[in-house]
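To start, the structure itself, in structure tokens.
Protein chains get the first letters and strands the later ones, always in sequence-line order, with residue 1 at the start of each.
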Protein chains: 2
Amino acid sequence: MPKKYHHGDLKNALIKAGVEILAKEGVGGLSLRKVAQRAGVSHSAPYAHFPDKQSLIAAISTEGFNQLYAELEAAISPYSKNPKKQLLDGVKAYVRFAEENTDTFKIMFSGILEKEKDYPTFVESSSKTFSLVVMVVQACQDIGILPAAPADLLAVTIWGQIHGIVSLALEGQVSHTVLEQYNVQDVVSFAIEQMLLRQPN
Amino acid sequence: MPKKYHHGDLKNALIKAGVEILAKEGVGGLSLRKVAQRAGVSHSAPYAHFPDKQSLIAAISTEGFNQLYAELEAAISPYSKNPKKQLLDGVKAYVRFAEENTDTFKIMFSGILEKEKDYPTFVESSSKTFSLVVMVVQACQDIGILPAAPADLLAVTIWGQIHGIVSLALEGQVSHTVLEQYNVQDVVSFAIEQMLLRQPN
DNA sequence: GACACAATCTTGACGGTGTCAAGATTTTCG
DNA sequence: CGAAAATCTTGACACCGTCAAGATTGTGTC
């Protein structure tokens, strides 16, 4: 429980302010000075907690991955005995997260953060999330609805597919021919069904 | 053939300068003023040809899509009687383009351009490229190596998959578990093979 | 409890950025 | 040839990330 001591616990307030600005003004509107102002401190107060803007972005992205992890976890955990539902619901949760947090999603995946591997907590949050995907994929392989293959390789394939469709849709790259008839969730559901093996029942 | 009249044909020189800066300094290093300087004109000369920075970015992205289209076309056209090879080689060309033009690729797909639909030539170039994918997918369906489904829907699925894997890899999001053992081309090839139907021979 | 030290925050400055207005120069065209 | 339009320069503005110097507040030690 962080108590206020000087002005409050800035670090987190700055991250929160960043997320809010991101949601309100988009990636282009995110500046250190605006974040500082929204947190009620002067323009270079953030430098007591983040060495530069990239660092703040890394923190916001990390927060995003933590939230994504939590939502995936929540979508998956009720069905530990039903891997197929885990896969379908997990994917739905992923799409929902991207749609509801468009700009956080962008900042997490669109290369705005330039040297990801310099931020260990970011790397950890992101690979923890990936390991969730691997687990579900593995469970699906065990019951024979996904083909036999290295689980991490297959996981990249599946995650990549969902991620790619969502990204293209977010970019408005898909709209004309397809998205007028289907929405993103539908396209993604279709994609996953294509990957599932026919059950030999 | 654009002749020099005042200082040369700026518009194109600016686009070219932009691509070069992009390749040399990355997305973060791209500024209107640097572009102008590299083209040998003063800092606000670009405003005679582009209303704002977004417009220049749109032009660079459009150029990128034209190049991508050309490379896909070149990879595909020799095999008009072999859709499977068209699909595999097209995908390889896509990955190669992303790897060789990392930052142009980013600018094309990473939401840096904020209102794509305001730039008709951009929309046209991008959807022309998409239509190539649809064509190949349709040809593959005709010979029964891809499942029956609306061609554009299936095309989004496949393009999305390739695009997602490439994006995640470019972001360094995949490295730890997978990319140490496989490279991007391998992962993508694996993904495509998963989608192909077993021939009933 | 006092005091030195460290953490936190403010103020002010620097160069770089996108954009606009005013004016200079050049091309185009009637 | 001359007027009008296109092109480019100069200069200014607000905003940005970042740094240095100093003020303020909390922490740990005797």
Side-chain angles (χ1 to χ4, degrees), chain A residues 1-22 24-61 103 106-107 111-115 118-119, chain B residues 1-22 24-61 103 106-107 111-115 118-119:
Chain A
M1 322 310 141
K3 277 274 190 165
K4 300 196 170 190
Y5 55 105
H6 209 157
H7 250 86
D9 67 330
L10 243 191
K11 193 163 187 174
N12 289 321
L14 291 171
I15 296 176
K16 191 179 159 196
V19 172
E20 290 168 1
I21 292 180
L22 220 40
K24 192 166 305 177
E25 306 188 39
V27 178
L30 183 68
S31 81
L32 265 187
R33 292 172 104 106
K34 254 187 268 184
V35 169
Q37 187 184 10
R38 171 171 268 263
V41 293
S42 79
H43 64 259
S44 48
Y47 284 87
H49 302 277
F50 302 100
D52 53 22
K53 189 186 182 183
Q54 284 283 307
S55 240
L56 209 212
I57 292 180
I60 296 176
S61 301
D103 289 89
K106 271 190 193 172
I107 241 188
I112 293 155
L113 185 56
E114 278 166 10
K115 297 187 174 177
D118 288 3
Y119 306 94
Chain B
M1 318 310 140
K3 275 274 191 164
K4 299 196 171 189
Y5 56 105
H6 209 155
H7 250 87
D9 67 330
L10 243 189
K11 194 163 185 173
N12 289 320
L14 291 171
I15 295 176
K16 192 178 159 198
V19 173
E20 290 167 3
I21 291 179
L22 219 40
K24 193 168 304 177
E25 306 187 39
V27 178
L30 183 68
S31 81
L32 263 187
R33 291 171 104 107
K34 255 188 268 187
V35 169
Q37 187 183 8
R38 172 172 266 262
V41 293
S42 80
H43 65 259
S44 49
Y47 285 86
H49 303 276
F50 302 99
D52 53 23
K53 190 186 182 183
Q54 285 282 308
S55 239
L56 209 212
I57 292 179
I60 296 176
S61 301
D103 289 88
K106 271 189 195 174
I107 242 187
I112 293 155
L113 184 56
E114 279 166 9
K115 297 186 174 178
D118 288 3
Y119 306 93

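Atoms CG (B:Asp9) and P (D:dA6) sit 17 Å apart, rounded to a whole Å. The nearest whole Å value for the distance from the CG atom in B:Leu56 to the P atom in C:dT19 is 10 Å. Regarding A:Asn12, its CG atom lies at a distance of 12 Å from the P atom of C:dT8, rounded to whole Å. The distance between atom CD of A:Gln37 and atom P of C:dC9, rounded to the nearest whole Å, is 17 Å. Following rounding to the nearest Å, A:Ile57 (CD1) and D:dG17 (C1') show an atom-to-atom distance of 11 Å. The interatomic distance linking A:Leu14 (CG) with D:dG17 (C1') rounds to 15 Å, in whole Å. The nearest whole Å value for the distance from the NZ atom in B:Lys53 to the P atom in C:dC20 is 15 Å. Rounded to whole Å, the distance from OH on A:Tyr47 to P on D:dG17 is 7 Å.
With rounding to the nearest 0.5 angstrom, the CZ atom of B:Phe50 is 9.0 Å from the CG atom of B:Leu32. Taking CD1 from B:Ile15 and CG from B:Leu22, the interatomic distance works out to 12.5 Å, rounded to the nearest 0.5 Å.
The B:Ala48 side chain lies nearest to D:dC8 when the options are C:dG18, D:dC8, D:dT18.
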Using a 4.0 Å heavy-atom cut-off, write out nucleotides 10-15 of chain D from 5' to 3' as B (base contacted by protein), S (sugar-phosphate only) or - (no contact).
BBB---

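No more than 12 heavy atoms of other residues, nucleotides or ligands sit less than 6.0 Å from atom NZ of B:Lys11. Within 6.0 Å of CD in B:Gln37 there are 12 or fewer heavy atoms belonging to other residues, nucleotides or ligands. When the shell of 6.0 Å around NZ of A:Lys34 is examined, it contains more than 12 heavy atoms from other residues, nucleotides or ligands.
Remark: side-chain polar atoms of A:Glu25 are not paired, donor with acceptor, to backbone N or O of A:Glu20 under 3.5 angstrom.
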